[in-house]
Amino acid sequence: MSDVIDQLHSYADAVTPTVGATPNPRLVNPAPVQRPVRRPLRVAVIAAVIVVMAGLVVAGVDAVRSDPTPRAHGPTSTSATPRGTVPMPVDSSGVEIMERPPLSPRGDVAAAWTGRELMIWGGDLEAFNMGLSGPDRSFTDGATYDPTTRTWQAMASGPLPATATTPVAVATPRGVVIARDAKVAIWNPETNSWRALADAPEPVSDLTDIGTAVISVSARSSLDLGSGTWQPLPNAPRTVLMAPPIWTGAELIVFGLRSSESAAAAYDPRSRIWRAIPLPQGLNLNALSAAWDGQRVVATDGARAAAYLTADNAWKPLPPLPTRYSENGSSIAAVAPGAVTAGPGAVGILDRADHWTPLPYPIAVQQFVPLRTSQSSVAPSQVFMIGTQYPSGLLAAALVDPTHWLAAPPAVQVGLVSVALPTDARFVDAAVLDANGSRLRVRLSTPTGACVITSSYGSSVTPQGWTQVDAAGRDWVTHPTTSDVVALSCEDPVIAQSIVRDSPVSPVG
Amino acid sequence: MGVGDNEEANDAAGFDAFVVDVEPRLRRAFIGCRGADVAPDAVAEALAYAWEHWEHVRALDNPSGYLFRVGQSRTRRRRQGVLPAPTALRCAEVEPALIPALMSLSDRQRTAVWLVHGCDWSYAEVADAMHLSASAVGTHVARALAHLRDQLEVDTNV
C-alpha cells in the first residue's frame, strides 16, 4: 500500500475533475461594482436586531441594564429550585428576549440547561463571516443566566483550551461536562468551579447523558463521571456524525457517515448492541437535525421533515416546514406539544396533530437549548434560543414558551412573510392589484386597525420594496403597513393567489 | 473607445486570466476541506468576492490563500460536505478507509494536510490561508499524517 501522502495526492487528482468548474462571475455579473453579495446569515441577523428591539418592547423588558457587570457566582444559585421545576418568567407574548450575555461577539458556543440556569461557554468569532473586523478568535470564557432573577453571572476560568473546534456540553447531575477537541472538563454550577477530566481517546463532537454514563459516539467511548475516565464503546463504528445523537431513553440514535456512505444506527447501552436503522428518505442528510419528542424521533433538513418510530423501525413523512430552508443547517428541539424548529429568522412549531404553525416571533436561531430538567422522556415545554445580533455580532438569547404561540392568534405564513394577526383579527378579502395578478392586497379587519408583517428574516418593520428570494428562487416584495391592509407581491401569480386560498384565517361573515 | 473603456477591458481580461489560473486551484482545495458538494459554492463565493473587490484582490501577494479564506468563511456554517469513496472514482491505489480517516480529523488538521499534500500548497501559502504560522501548519500536518497512518495502519518503517 502506498503511503498516505501519495494516497492524498492520488485522491485529489481523481476527485477534482468530478466537480465541475465554477463559471467566471464576471460573465454572470459583468458590472465591476461593489455590490452586496448573498449572505443569508448576515441578513437574517441584521433583521434579528430589529426583532430583538421590538421584542423588548413587547415583552416589557429593559433594553439595556445599567450595570451589566457579572456578579460572583453564589453557592446557593442552583439549590433554590429543585430539579424538575422550570421557572416560567415568559409573559403572555410567549417570548422573553433576555438581557444580553456578558460575553463578547461569538458563535458556536457550548450550551446546556443546568436545571436552573442556562450555561453558555466558549465559542469562536468568525470575524469575516460575521462582518466584523479583526482576526478570528476562540474563547474560553462563559456565563450563566438565571431566568428567575433575569441575571447573567460569569463562569470561573476553566482548563479547556482555546481552539477553533466547536465545544460541546451536556448537563449531568454531577455538573456540566464540556469538551473541546479531546480535552474534557466538568463544571460545577453550585461552586462555579472546574475539574479537568481525562482526555477523550478521540476528538469529541457530541456528548449525551444517558443517566448511567455520558456517551460520546465521536470519541467511541463512554465517560464514567465518578472516576473521570473513558471506556471504549463496544463495537462502536468509526463514524463522522451528521447530527448530534438522540437519546430515546432506551437507545442512542446516530446519524453518521461511514466510509463515505450515510448510515443510521441505534445503540442499546444495556445490551451493548448496535443495530442499523433506515435513513429518512428525501431529507438532505447534510443538513440534518433531529430531536426526541418523547414518542418518536423528529428529523428535519430545514425544509422537509419526517418522524421515526422505534417500534415500527420506519420513517413517516411529516408536512414540510413553514420556515424557509436554511443553507446553514437546521435546528430542532423537542418541546411539550411536539417540536420547534428554525430556519433563518423564522420559527415553526409542530403539534401532536403533525401540523406546523409558523411563529409570530421569529429570531435568528443558531441553537436551541431545551429546558430539560431530568432524564424523563417527557419533553420540556420551554426552550432557549441562542443567536447572534448583527451588525454588532453580539450574542443574543431568548427564552420562549411555544405553548403560548400555539394558543396565540393565528399567523399567516405567506411566502417569506408571516403576518401576525392581533386578537379578533379577521380576513376580509384579497384583491389582485396588477394586470399579471402577481401583486395582492390582503385586507384584514382588526380591532386596532393594525397588524404586523414579519418577514422570515425576522423584521417586524419591512422596508419598502425589500425583495427576498424564496427557496424556489421566486422574488417576493413586502411592503410596510401601519393599517390593516397588507400588500404582498410575488412574481408568480399562482403562488400569490394561493395566499388567499391557503389562508388559515376565516373570512368575515 | 475611451480611456475608461480601455481600463475596463483590461480589468476584464485580467480578471478572466486570473479565474483561469486560480479556479482549479481553489476547487481542488475546497473539495478536500469542505466536501465535493459544498466546494462549488465555496469557489463561487470566493470568485464572486474577487470580482466585487478586484482592485483589492489583484494587488494581493497570495490571492489564492486570501480567497480560500473568503470561501471557507462564507460556507463554514454549512454542514461538512461529503467526499466520494475512492472506489466510486475507480481510484484503486487509494484505501477506502482514507476518506473516513480524513473526515475524522479536526478541521484544521484536515485543511492543513489536504492543502499541503493533496494540493501541493507551500507551508507559507497554507499558513497565510489559515492565519497560522508556518510552524503551526507543520504541526497540524504532522499530527494529521500520524493520525491517518494510524487509521490506515500504514507501517512507516517499511
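Throughout, protein chains are lettered first and strands after them, A, B, ... in sequence-line order, and every chain is numbered starting at 1.
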Decide yes or no on side-chain contact (heavy atoms from CB on, under 4.5 Å) for B/Phe30 and A/Val19, but give the supporting numbers first. CA-CA 10 Å; B/Phe30 280 126; A/Val19 177; over 6 Å; no

Quick one: pull up CZ in A/Arg180 and OG in B/Ser106 and give me the separation to the nearest 0.5 Å. 12.5 Å

To the nearest 0.5 Å, what is the distance between CG on B/Leu89 and CG on A/Asp13? 11.0 Å

Under 4.5 Å to a heavy atom of chain A? For B/Val113 that would be both

Proximal component of B/Arg108, with respect to chain A [non-hydrogen, under 4.5 Å]: side chain

Do A/Pro25 and B/Tyr49 have side chains that get closer than 4.5 Å, going by heavy atoms? no

Has A/Gln7 got a side-chain atom pairing as donor or acceptor with B/Leu98's backbone, closer than 3.5 angstrom? no

Using a cut-off of under 4.5 Å for heavy-atom pairs, which of B/Val94, B/Val116, B/Leu145, B/Thr87 has the most such pairs with chain A? B/Val94

Test log, rule side-chain contact (heavy atoms from CB on, under 4.5 Å), inputs A/Asp136 and B/Arg69: CA-CA 11 Å; A/Asp136 292 354; B/Arg69 195 166 154 71; 3.9 Å; yes

Got a sec, which residues hit side chain to side chain donor-acceptor pair (under 3.5 Å) with A/Asp6, two or more places apart in sequence or on another chain? none

So for A/Ser10, is it side chain, backbone, both, or neither that comes closer than 4.5 Å to the heavy atoms of chain B? both

Tell me the closest heavy-atom pair linking B/Gly118 and A/His9, and the distance in Å. O-CD2, 4.2 Å

Go through the steps to decide whether B/Glu95 and A/Val4 satisfy the test side-chain contact (heavy atoms from CB on, under 4.5 Å), and finish with yes or no. CA-CA 9 Å; B/Glu95 283 289 313; A/Val4 164; over 6 Å; no

When you look at A/Asn24 and B/Trp51, which way does the side-chain contact (heavy atoms from CB on, under 4.5 Å) test go after all the steps? CA-CA 9 Å; A/Asn24 183 337; B/Trp51 178 231; 6.0 Å; no

Go through A/Val15, A/Asp181, A/Thr22, A/Thr163 and name the one with the most non-hydrogen pairs under 4.5 angstrom from chain B. A/Thr22

How about residues 19-27 of chain B versus chain A: which residues have heavy atoms under 4.5 Å apart? B/Val19, B/Glu23, B/Arg27

